[in-house]
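Please read the structure below before turning to the comments.
Numbering of ligands and ligand atoms starts at 1, following listing order.
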Amino acid sequence: MGSADTLSRIGLAGLAVMGQNLALNIAEKGFPISVYNRTTSKVDETVERARQEGNLPVRGFHDPRSFVLSIQKPRVIIVLVKAGAPVDQTIQTLSVHMEKGDCVIDGGNEWYENTERREKAMSELSLLYLGMGVSGGEEGARHGPSLMPGGSFEAYKNIEDILLKVAAQVPDSGPCVTYIGKGGSGNFVKMVHNGIEYGDMQLIAEAYDVLKSIGKLSNSELHDVFAEWNQGELLSFLIEITADIFSIKDDKGDGYLVDKVLDKTGMKGTGKWTVQQAAELSVAAPTIAASLDSRFLSGLKEERVNAANVFKHGGLSGILSNQFVDKRKLIDDVRQALYASKICSYAQGMNLIRAKSIEKGWDLKLGELARIWKGGCIIRAVFLDRIKKAYDRNPYLANLLIDPEFSKEILDRQAAWRRVVSLAINSGITTPGMCASLAYFDTYRRGRLPANLVQSQRDYFGAHTYERIDASGAFHTEWFKLAKKSKM
Ligand code: NBP
């Protein structure tokens, strides 16, 4: 075990997947690091890995006091434990040994209000606090994640040199880290990032479903299609791994592994929080909500199998097997539908972040967020560069859809998008994300909606009043009396 004779530059507590890999990444960038974990075997495991991976400067500690005292002042300790109560317990264990000006950085997927509560409690002890979103999973943590630190700016400055080196590096764009803003903004932005990730994954799954179920593409053809898409406008980590997945054979039997994976998607909560926040802030996020609903429905495996049996004579299987499909055309249409749907999904996520930023006075820079998502994280994509440029052109852009470049891209793709959605609906194949995106676009682009009727109904039964298109003020009409009179 390490001694406190030579002080480490930084400490990290919590050595599961993320903590262990981030600690090794920090050490590899030349910053001596002390590590600690409640279950001490993980400390020894991390120190051993550091030795095997090139004698990296990692020192392990089995007790919290010597761990804290082994770090140079002002001490900075990254905590990477399960979000919620474990973070509170870890902070309690460590903070008793910390001194004025020291700082805790929670790198977990934490609810942003917990971060704000902890920042306040820590400041009463003269300690600093940051809530830092870390994206990129195991691989990102080890070789370069996207980092979203929010909270104390002073604390950020104490660790900026480390974060700039540890984060993913994107040529011409810089390290994938920036100071996000005050309070829980880092966690909030990471939460919406995850919501966008849900949307991306759902849209890709729908593209797969249409190509497989309607286009009858084999796994090998799907691999080629996704690999080809990854050379163009859809180039991204998720498209790349999707192509890979279609090439993996099952090592426990015949065929491909993807076909043996149970069609049930798990989740850890950040997607649900994103949709809840969208509702709280009255921001429409239908694509992200559709992706969450799809995960809920996927969980009802037994019920779905039962329902499939009930509706087996519904006639759709005949449509699927008999319809003629021009494969090349379908593949091209689906690519365009996926891209257009993705624009709508990102527009929703960005507008959610903006709404929260306004509510909390965080002054978040949307273009800068797109920049730090270009590398390291799960949603990394060339597409994010276009988003950054859109906000560079106009930081106050009301919606990505009306940016001159995105509006043109949507218009160029809308015919293909509508063809794919119509084909899917008529074939009984669900494309909830693509449909939600298209409905978002079609609603947003219309100068007049049937909301006049809904408002009339509200005034009819609840005297909620309405505004007029030709005069200002609030109006109320005795609709019932007038209707009765008109019937006489
Ligand atoms: P987990 O979320 O699986 O948490 C395991 C860690 O929490 C272990 O170090 C464990 O210590 C510690 N812990 C628990 Br559980 N209860 C504790 C307690 N009461 N006191 C002290 N420590 C406690 O780890 P992870 O997957 O590495 O994720 C860490 C954070 O990063 C989470 O917030 C996660 O949501 C987030 N994140 C994860 C990923 C990913 O791909 N896994 C990606 C991005 C963000 P023990 O060893 O003693 O049980």
Side-chain angles (χ1 to χ4, degrees), residues 11-26 33-49 58 60-65 67-68 77-97 104-115 118 130-150 166-168 176-177 180 184 186-198 200-201 237-238 241 265-274 372-373 375-380:
L12 190 147
L15 297 170
V17 179
M18 294 300 281
Q20 201 170 106
N21 283 290
L22 191 64
L24 294 172
N25 181 359
I26 292 171
I33 185 166
S34 295
V35 295
Y36 167 78
N37 191 71
R38 180 183 63 171
T39 306
T40 55
S41 56
K42 287 205 183 101
V43 174
D44 303 342
E45 206 180 283
T46 310
V47 171
E48 178 53 24
R49 257 190 83 186
V58 174
F61 293 86
H62 282 184
D63 75 287
R65 183 170 180 276
F67 164 66
V68 173
I77 298 178
I78 299 177
V79 172
L80 262 162
V81 299
K82 199 171 157 68
V87 177
D88 288 312
Q89 283 154 14
T90 306
I91 291 173
Q92 204 172 10
T93 306
L94 301 176
S95 62
V96 288
H97 308 296
V104 168
I105 301 177
D106 173 20
N109 278 337
E110 189 53 274
W111 173 238
Y112 81 97
E113 287 178 334
N114 284 345
T115 292
R118 288 177 192 134
L130 278 173
M132 178 170 74
V134 179
S135 178
E138 183 175 1
E139 189 65 16
R142 179 65 185 86
H143 299 292
S146 173
L147 299 170
M148 296 153 247
V166 161
C176 293
V177 60
I180 301 289
N187 293 123
F188 191 88
V189 164
K190 172 67 189 345
M191 177 197 78
V192 178
H193 160 286
N194 285 21
I196 291 173
E197 180 183 309
Y198 274 50
D200 271 355
M201 292 169 80
F237 172 70
L238 284 169
I241 66 165
T265 314
M267 67 192 110
K268 285 197 169 165
T270 41
K272 190 193 266 186
W273 288 347
T274 305
I372 65 163
W373 290 342
C377 65
I378 305 298
I379 64 171
R380 60 184 182 263

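- With sequence neighbours left out, E48 forms a side-chain contact (heavy atoms from CB on, under 4.5 Å) with R51, Q52.
- Annotation: side-chain contact (heavy atoms from CB on, under 4.5 Å) contacts of V96 (sequence neighbours excluded): none.
- Using a distance-only test at 3.5 Å, with no hydrogens or angles considered, a donor-acceptor pair links the side chain of T274 to the main chain of M191.
- Ligand 1 lies under 4.0 Å from heavy atoms of G14, L15, A16, V17, M18, N37, R38, T39, K42, L80, V81, K82, A83, P86, Q89, T90, G108, N109, V134, G137, K190.
- Among all heavy-atom pairs drawn from A168 and G375, the shortest one is CB-C, 3.7 Å.
- Under a 3.5 Å cut-off, the side chain of N25 and the backbone N or O of N21 do not form any donor-acceptor pair.
- Judged as a salt bridge (Lys or Arg N to Asp or Glu O under 4.0 Å), the pairs with a partner in residues 79-93 (not counting sequence neighbours) are, in order, D88-R117, D88-R118.
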